[in-house]
Amino acid sequence: VQLQACGGGLVQAGGSLRLSCAASERSFSSHVMGWFRQAPGKEREFVAAIMWISGNTYYTDSVKGRFTISRDMAKNTMYLQMNLLKPEDTAVYSCAAGVRTYYSSIYYFRTSTYDYWGRGTLVTVSS
């Protein structure tokens with residue numbers, strides 16, 4: 001299965017963007033899906049995750065209250081609504097899907113929890 005992320009772009013600080021991530025196969029079912037980002041010169045970091053069935057969501061502290069992760073099960077698509085964007089949110093955002101159900105939420109911040117990765121989409125926030 002392939003994941004396709006899109007929706008990135010250039011936005012001014014305080015603005016909003018919505019990213020989406022679609023799975024290539026409608027029959028694909030994941031346990032958890034997540035968003036990660038990598039800024040220039042920095043390591044990839046966890047942004048948010050959503051349990052596919054329950055819809056439970058998890059966020060890194062720096063985006064709580066500004067970003068919202070959601071999914072449309074019928075479309076097999078995940079979204080990341082990003083509001084009140086800051087220059088420090090500038091990064092390549094990638095989506096990922098994990099299928100191993102034995103991973104609990106304490107592992108969702110780890111890249112190793114995820115089995116499938118999509119190509120990133122660049123988000124640039126100008127000051």
Side-chain angles (χ1 to χ4, degrees):
V1 65
Q2 292 183 336
L3 303 177
Q4 180 65 50
C6 61
L10 174 63
V11 64
Q12 287 188 331
S16 299
L17 281 175
R18 188 175 84 151
L19 307 182
S20 63
C21 175
S24 59
E25 298 176 13
R26 282 197 172 270
S27 61
F28 176 68
S29 179
S30 62
H31 171 60
V32 59
M33 292 192 72
W35 289 98
F36 288 75
R37 66 186 180 186
Q38 187 167 20
K42 294 187 177 181
E43 293 188 354
R44 181 178 290 180
E45 66 170 351
F46 170 77
V47 176
I50 185 166
M51 294 185 71
W52 195 251
I53 300 300
S54 70
N56 290 347
T57 59
Y58 308 86
Y59 299 92
T60 191
D61 286 345
S62 63
V63 308
K64 284 181 180 177
R66 300 188 298 123
F67 291 11
T68 302
I69 189 172
S70 63
R71 88 282 194 239
D72 183 328
M73 297 177 78
K75 295 182 179 180
N76 226 4
T77 300
M78 173 180 66
Y79 303 96
L80 185 68
Q81 178 66 43
M82 305 185 294
N83 299 328
L84 299 175
L85 283 162
K86 304 175 181 179
E88 51 263 44
D89 294 318
T90 295
V92 174
Y93 285 70
S94 300
C95 61
V99 299
R100 289 166 284 177
T101 57
Y102 51 78
Y103 279 125
S104 66
S105 60
I106 62 172
Y107 298 105
Y108 291 169
F109 70 97
R110 295 184 179 180
T111 57
S112 58
T113 297
Y114 300 86
D115 305 287
Y116 301 94
W117 290 83
R119 284 190 176 182
T121 184
L122 177 62
V123 172
T124 303
V125 184
S126 62
S127 57

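Computed over heavy atoms, backbone and side chain alike; hydrogens, waters and symmetry mates excluded. On a predicted model such as this, the values are computed, not experimentally measured, just so you know.
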> Heavy atoms, side chains only, cut-off 4.5 Å: are W52 and N76 in contact?
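Counting from C-beta outward, W52 and N76 do come under 4.5 Å.
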> Using the ring pair (Phe, Tyr, Trp, His ring centres under 6.0 Å) criterion, which residues pair with F36? Sequence neighbours excluded.
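Testing F36 for ring pair (Phe, Tyr, Trp, His ring centres under 6.0 Å), a comparison that skips the adjacent residues, returns F46, Y114, W117.
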> Check V123 against G8 and note the closest heavy-atom contact, atom names and distance.
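For V123 versus G8, the nearest heavy atoms are CG2-CA, 4.0 Å.
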> Which atom pair, heavy atoms only, marks the closest approach of L80 to A48?
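L80 and A48 have their closest heavy atoms at CD1-CB, 4.3 Å.
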> Would one find more than 12 heavy atoms of other residues, nucleotides or ligands at under 6.0 Å from atom CD of E88?
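Above 12, so yes.
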> Report the relative orientation of the aromatic rings in Y108 and Y58; use parallel for angles under 30°, tilted for 30 to 60°, perpendicular for over 60°.
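Because their plane-to-plane angle is over 60°, the rings of Y108 and Y58 count as perpendicular.
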> Is I69 reachable from Y103 through a run of I, L, V, M, F, W or Y residues, each pair having side-chain heavy atoms under 4.5 Å apart?
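Different clusters.
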> Which residues satisfy the ring pair (Phe, Tyr, Trp, His ring centres under 6.0 Å) test with Y116, sequence neighbours excluded?
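Partners of Y116 by the ring pair (Phe, Tyr, Trp, His ring centres under 6.0 Å) criterion, ordered by chain and then number, come out as F28.
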> Output all residues satisfying side chain to side chain donor-acceptor pair (under 3.5 Å) with E45, sequence neighbours left out; order by chain, then residue number.
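Side chain to side chain donor-acceptor pair (under 3.5 Å) list for E45, sorted by chain: R37.
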> Establish whether M33 and M73 are linked, either directly or via other cluster members, by ILVMFWY side-chain heavy-atom contacts under 4.5 Å.
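Yes, same cluster.
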> What's the spacing between T101 OG1 and I53 CD1 if we round to 0.5 Å?
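One finds 11.0 Å between OG1 of T101 and CD1 of I53.
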> Okay, side chain of T90, backbone of V125: is any donor-acceptor separation there less than 3.5 Å?
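Confirmed, T90 side chain pairs with V125 backbone.
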> If you compare all heavy atoms of G120 against all heavy atoms of S94, which two are closest, and at what distance to 0.1 Å?
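That would be CA-OG, 3.5 Å.
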> Count the heavy atoms belonging to other residues, nucleotides or ligands that lie under 6.0 Å from OH of Y107, then report whether that count exceeds 12.
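No, because the 6.0 Å sphere around OH of Y107 holds 12 heavy atoms or fewer from other groups.
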> Determine whether V99 and M51 fall in the same hydrophobic cluster, where Ile, Leu, Val, Met, Phe, Trp and Tyr are linked whenever their side-chain heavy atoms lie under 4.5 Å apart.
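Cluster IDs for V99 and M51 differ.
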> Tell me, please, which residues at least two apart from K86 pass side chain to side chain donor-acceptor pair (under 3.5 Å).
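Not a single residue meets the side chain to side chain donor-acceptor pair (under 3.5 Å) criterion with K86.
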> Between S16 and Q81, is any pair of side-chain heavy atoms under 4.5 Å apart?
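Yes, close enough: below the 4.5 Å cut-off.
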> Go through the steps for R18 and M82 under the test side-chain contact (heavy atoms from CB on, under 4.5 Å), then give the verdict.
CA-CA 6 Å; R18 188 175 84 151; M82 305 185 294; over 6 Å; no
> Would you say the side-chain atoms of Y79 pair up with the backbone N or O of D72, donor to acceptor, closer than 3.5 Å?
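Such a contact is absent between Y79 side chain and D72 backbone.
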> How many angstroms lie between OH in Y102 and OG1 in T113, if you round to the nearest 0.5 Å?
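Atom-to-atom, Y102:OH and T113:OG1 are 9.0 Å apart.
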> Could you grab the distance from atom CZ of R71 to atom SG of C21, nearest 0.5 Å is fine?
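Going from CZ on R71 over to SG on C21, the span is 14.0 Å.
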> Between P87 and S127, what is the shortest heavy-atom contact and its length?
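That closest heavy-atom pairing would be CG-CB, 3.8 Å.
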> Is there a side-chain contact between T68 and Y59 (heavy atoms, below 4.5 Å)?
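Sidechains of Y59 and T68: in contact.
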> In chain order, what residues pass the salt bridge (Lys or Arg N to Asp or Glu O under 4.0 Å) check against D115, with sequence neighbours excluded?
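Listed in chain order: R100.
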> If you link I, L, V, M, F, W and Y whenever their side-chain heavy atoms are under 4.5 Å apart, who else ends up in the same group as L122?
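Under the 4.5 Å side-chain rule, L122 groups with V92.
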